[in-house]
Amino acid sequence: MIHIASTPQQLAHDVAEWIVAEADAAIVARGRFLWVASGGSTSRLTYETLAQAAYRDRVDWERVYVFWGDERTVPPDHPDSNYGMTQQALLQHVPLVEDHIFRMKGEDDPLAAAADYEAQIRAVFADVTPRFDVILLGMGADGHTASLFPNTAALNETDRLVMANFVAKLGTWRITLTEPLLNLAQNVAFIVAGEDKATTLQAVLHGPYDPQQLPSQLIRDPLWFVDNAAASKLNK
Ligand code: 6PG
């Protein structure tokens, strides 16, 4: 399903509305909402919108559990931290329970941080299938999602749920959820905005299946929330 919004602002409102509805449904059905947040600038606008009273006041935040799809190998107060961005845009404005915020420890050794995060996920799911209610993902202009970058080792992982992934083109390690875990989710939704993503979005959706080059293609049957600019090159 592809939802096309007229502007990035409208896109943020549409995604916020969807998250509120999914949170309510999960809490009614299972007593809690298990949500994986994305990093990146596109999702920041969604979080800022979700923090507005019109959305914030419709979520039972005490029953919300927040995780991240990936993290940079930096401390939480670093400007590049996905946790830090989410904290500023949303978390500090809503009454979440501290124990329900699961931060990837980007300041630690990435291999240890990935193993620790996987253990935390497995503990929350109490050893049943780790099926998140909602996983939000962004998409880079190179087709990456989370920190699953083209031609990197994490793309081929079939067992681990979380991995440290060396990204040669960035010259840095990342911590990322892996394809097996992402594809277990009840709902995976991409949020993609901007002209610079239009060619890649067309290739991911309608081009040949080539997940080594376009890792976003690894995600089965996601929802796509995109703006007009990002959708401008989709097959008419
Ligand atoms: C990260 C993100 C990454 C991001 C995309 C899109 O840590 O960088 O998780 O996967 O979602 O790169 O980023 P923008 O929304 O800033 O284009």
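Numbers here are sequence positions counted from 1. Just follow the structure's listing: the first ligand is 1, and inside any ligand the first atom is 1. All values below were derived from every heavy atom in this structure, side-chain atoms included, with hydrogens, water molecules and symmetry-related copies excluded.
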Pull out every atom of ligand 1 sitting under 4.0 Å from any heavy atom of Lys197, numbered as shown with elements.
14 (P), 17 (O)
Does any N/O atom on Thr42 come nearer than 3.5 Å to any N/O atom on ligand 1?
yes
What atoms of ligand 1 come within less than 4.0 Å of a heavy atom belonging to Asp70?
1 (C), 2 (C), 7 (O), 9 (O)
Quick one: which of Met139, Arg44, His144 has a heavy atom closest to atom 3 (C) of ligand 1?
His144
Ligand 1 contacted by Ser38 (non-hydrogen, < 4.0 Å)
yes
Geometric N/O contact Ala146 with ligand 1, under 3.5 angstrom:
yes
Using a 4.0 Å cutoff against the non-hydrogen atoms of Arg174, which atoms of ligand 1 qualify?
1 (C), 7 (O), 8 (O)
Return yes when Glu71 approaches ligand 1 closer than 4.0 angstrom through a heavy atom, no otherwise.
no
Parallel under 30°, tilted from 30 to 60°, perpendicular over 60°: which one fits the rings of Tyr65 and His100?
parallel
Considering only heavy atoms, which of Gly143, Gly39, Ser41, Ser43 lies nearest to atom 4 (C) of ligand 1?
Gly39
Can you classify the ring geometry of Phe102 versus Phe67 as parallel (below 30°), tilted (30 to 60°) or perpendicular (above 60°)?
parallel
Among all protein heavy atoms, pick the one closest to atom 8 (O) of ligand 1 and tell me residue, atom and distance.
Arg72 NH2, 2.7 Å
Please classify the Asn82 to ligand 1 contact at 4.0 Å (heavy-atom distances, strictly less than): side chain, backbone, both or neither.
side chain
Whether Arg32 and Asp133 form a salt bridge (side-chain N of Lys/Arg under 4.0 Å from carboxylate O of Asp/Glu) is what I want to check.
no
Between Gln10 and Asp227, does a side chain to side chain donor-acceptor pair (under 3.5 Å) hold up when you go through it step by step?
CA-CA 8 Å; Gln10 185 59 52; Asp227 73 347; over 6 Å; no
Establish, from distance only, whether the side-chain atoms of Gln213 and Asp142 form a donor-acceptor pair under 3.5 Å.
no
Please say whether Ser147 places an N or O atom under 3.5 Å from an N or O atom belonging to ligand 1.
no
Least distance between heavy atoms, Gly138 atom then Thr145 atom
O-OG1, 2.7 Å
Output yes when Lys105 and Asp116 qualify as a salt bridge under the 4.0 Å nitrogen-oxygen rule, no when they do not.
yes
Around atom 13 (O) of ligand 1, find the nearest protein heavy atom and jot down its residue, atom name and distance.
Gly40 CA, 3.8 Å
Residue pair Thr176 / Asp70, side-chain donor-acceptor N/O under 3.5 Å:
no
Salt bridge present between Arg72 and Glu107 (N-O < 4.0 angstrom)
no
Gly138 heavy atoms, cut-off 4.0 Å: which ligand 1 atoms fall inside?
11 (O)
